[in-house]
Number of protein chains: 2
Amino acid sequence: MARKPADQSVNREDILLAAAEVLQRKGFEATTMKDIAGAVKLTAASLYHHFRNKDALLLAVLEAGLDHIINQIEPIVHSALSSDEKLRQMICAHVVGVTHNTAVGATMVFEIRSLMDVKPLSETASEADQRAYHDFIARRNRFFAHRDAFEELFRFVIREGIANGCFRQTDVGIFTKTLLGAHNWVGVWYRPNGRLSGEEIAAMMADSFLRALRNEG
Amino acid sequence: MARKPADQSVNREDILLAAAEVLQRKGFEATTMKDIAGAVKLTAASLYHHFRNKDALLLAVLEAGLDHIINQIEPIVHSALSSDEKLRQMICAHVVGVTHNTAVGATMVFEIRSLMDVKPLSETASEADQRAYHDFIARRNRFFAHRDAFEELFRFVIREGIANGCFRQTDVGIFTKTLLGAHNWVGVWYRPNGRLSGEEIAAMMADSFLRALRNEG
DNA sequence: AAAATAATCTAATCGCCATTAGATTATCGA
DNA sequence: TCGATAATCTAATGGCGATTAGATTATTTT
């Protein structure tokens, strides 16, 4: 059967973490396979043992990051808390998540475009390449859908809060975009040794957005 | 003396606008000189008549975008309006600016990193290259300073509003980052034929942020 | 019209980078 | 210990893309 991986060999997850760091620093297009390989002390060729190609590697980084944050936020949505407390916790979880791994956070923000313009398959592609390509596209579309679902979690709670009178009447779509834009941007400017911790920043942001949303009185 | 440019020849500004559009669509690293040249019906080589190299072209795009938005916002800061009215107008001007030219807006957000890792000059560089390089670096640093000054306009008005009791006590730095993150993100999701106009979106966002900031009562 | 300069082109060059081919080495299960 | 498979390596390949060299064409000034 499958052999148990040796302790000193590099595994998929090591590569994903290192790749996120490099991708944040240089951006997808400017990052070479050699850069990523170097970050885990491999040669570029060795990466192809773990990932089909550069696009697949990027997608894997993004998937891992998205899964992680969704797993943190979904339970809050389905809890028995009040809508405003839900939203507060969701904002904190998201912002703290971004500050705890700015690499993945920033990659999620900046490198998604690179997924969009994957070059079409050449005419003369083998059967196997065709299949691999379609698998990739399907997987990518699943990722985008997953990403929309993430945003929908926020919309859901805001809608709920408006319905039960906790929040004022407002345009849910715009408010959600405003919220997520602010969150995403944290990954750009946050510095681990800065004046404030991720938790402090998260609390302040949650405070502001709840003031913006809560009903008067 | 300098010849007056012919009407049918492509000028600097045509190139900047076209370049911003291409850069938004593909990102700096993925954009080739040929792409940009094609957008104004030139060959790649011809671009070098107008710009020293690709980095200089990017910098010129960013400078133009930043100048434009600063020119819109600076007068508001120095007007006689109340702090909250100033902030409302600044938010609207910024967001509308972003929606009116998403190309420049998104480029400002996404491509600045490319300016940061400009490769250092090779050892064997000519006198002229040395000078050109240092000019470029100086110009880039001026751009970054200019960008900080833009952010400072918002901080200034918020501080002022807190001082005169118009706004609640809050962390000015964090609030400003929150605000600008939300604004910048608009360039990512806004679509000209979407449900709402840039002006409508701007008004809603300004409304939310002013609720977040205003003193109670 | 002649000289000067601006704008553009065609045709290299040169290097880098994703990807592949084909070993080689390490680890595990039997 | 043997065979299988995983993990890694070295050494191409093939193409693309920024940049340059050197014409060529267009426009303006005198």
Side-chain angles (χ1 to χ4, degrees), chain A residues 1-15 18-19 22-23 26-60 114-115 117-126 128-129 132-133 136, chain B residues 1-15 18-19 22-23 26-59 114 117-126 128-129 132-133 136:
Chain A
M1 291 289 127
R3 129 178 198 253
K4 188 157 45 167
D7 287 350
Q8 75 280 19
S9 74
V10 172
N11 63 28
R12 214 181 143 81
E13 197 165 335
D14 295 333
I15 298 175
V22 180
L23 286 169
K26 318 189 61 158
F28 179 70
E29 305 288 349
T31 297
T32 69
M33 292 299 269
K34 201 175 159 195
D35 291 333
I36 296 171
V40 286
K41 298 193 197 304
L42 290 181
T43 61
S46 300
L47 289 181
Y48 288 81
H49 181 68
H50 301 272
F51 298 92
R52 195 186 308 283
N53 58 30
K54 198 185 171 191
D55 287 334
L57 176 46
L58 171 64
L59 181 52
S114 298
L115 268 190
D117 24 75
V118 177
K119 5 179 190 316
L121 203 49
S122 87
E123 310 296 325
T124 66
S126 71
D129 284 352
Y133 182 76
F136 176 79
Chain B
M1 293 285 123
R3 131 179 194 251
K4 190 159 41 168
D7 288 351
Q8 76 280 22
S9 72
V10 172
N11 62 28
R12 215 182 144 82
E13 197 166 333
D14 295 333
I15 297 175
V22 180
L23 287 169
K26 320 189 59 158
F28 179 70
E29 305 289 348
T31 297
T32 69
M33 292 299 269
K34 202 175 157 193
D35 291 334
I36 296 172
V40 286
K41 302 195 195 304
L42 289 183
T43 61
S46 300
L47 289 181
Y48 289 82
H49 181 68
H50 300 272
F51 298 93
R52 196 186 308 284
N53 58 30
K54 197 183 172 193
D55 287 333
L57 175 47
L58 171 64
L59 181 53
S114 298
D117 24 77
V118 176
K119 4 181 189 318
L121 203 50
S122 89
E123 309 295 326
T124 66
S126 69
D129 284 350
Y133 182 76
F136 176 79

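Protein chains get the first letters and strands the later ones, always in sequence-line order, with residue 1 at the start of each.
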Does His49(B) make a side-chain N or O approach to OP1 or OP2 of dA7(C) shorter than 4.0 Å? yes

Any side-chain N or O of His50(B) under 4.0 Å from OP1/OP2 of dT8(C)? yes

How many angstroms lie between [atom1] in [X] and [atom2] in [Y], if you round to the nearest 0.5 Å?
X: Lys54(A); Y: Ile36(A); atom1: NZ; atom2: CD1; result: 7.0 Å
X: Ile15(B); Y: Leu47(B); atom1: CD1; atom2: CG; result: 5.5 Å
X: His50(B); Y: Leu57(B); atom1: NE2; atom2: CG; result: 10.5 Å
X: Phe51(B); Y: His49(B); atom1: CZ; atom2: NE2; result: 11.0 Å

In short, Glu29(A) meets Ser114(A) closest at the heavy-atom pair OE2-OG, 3.8 Å

Identify the heavy atoms of Ser9(B) and Asp14(B) that sit nearest to each other, and give their distance. O-OD2, 4.4 Å

Nearest whole Å is fine: how far is [N] [atom2] from [X] [atom1]?
X: Phe51(B); N: dA18(D); atom1: CZ; atom2: P; answer: 15 Å
X: Leu47(B); N: dA6(C); atom1: CG; atom2: C1'; answer: 15 Å
X: Asn11(A); N: dT5(D); atom1: CG; atom2: P; answer: 21 Å
X: Phe28(A); N: dC17(C); atom1: CZ; atom2: P; answer: 14 Å
X: Asp35(A); N: dC16(C); atom1: CG; atom2: P; answer: 13 Å
X: Lys34(A); N: dT10(D); atom1: NZ; atom2: C1'; answer: 13 Å
X: Ile36(B); N: dT19(D); atom1: CD1; atom2: P; answer: 11 Å
X: Glu29(B); N: dA18(C); atom1: CD; atom2: P; answer: 11 Å

Reading DNA chain C from 5' onward, which residue's closest nucleotide shows up sooner: Ala30(A) or Ser46(B)? Ser46(B)

To the side chain of Thr32(A), which of dC9(D), dA7(C), dA18(C) is closest? dA18(C)

Thr43(A), nearest nucleotide to its side chain (from dT8(D), dT10(D), dT8(C)): dT10(D)

When you compare the protein's N or O atoms with those of nucleotides 19-23 of chain C, which come within less than 3.5 Å of each other, and at what distance?
{"unit_1": "dT19(C)", "atom_1": "OP2", "unit_2": "Tyr48(A)", "atom_2": "OH", "d": "2.8"}
{"unit_1": "dT19(C)", "atom_1": "OP2", "unit_2": "Lys54(A)", "atom_2": "N", "d": "2.9"}
{"unit_1": "dT19(C)", "atom_1": "O5'", "unit_2": "Tyr48(A)", "atom_2": "OH", "d": "3.4"}

Does Lys41(A) reach the main-chain N or O of Val10(A) with its side chain, forming a donor-acceptor pair under 3.5 Å? no

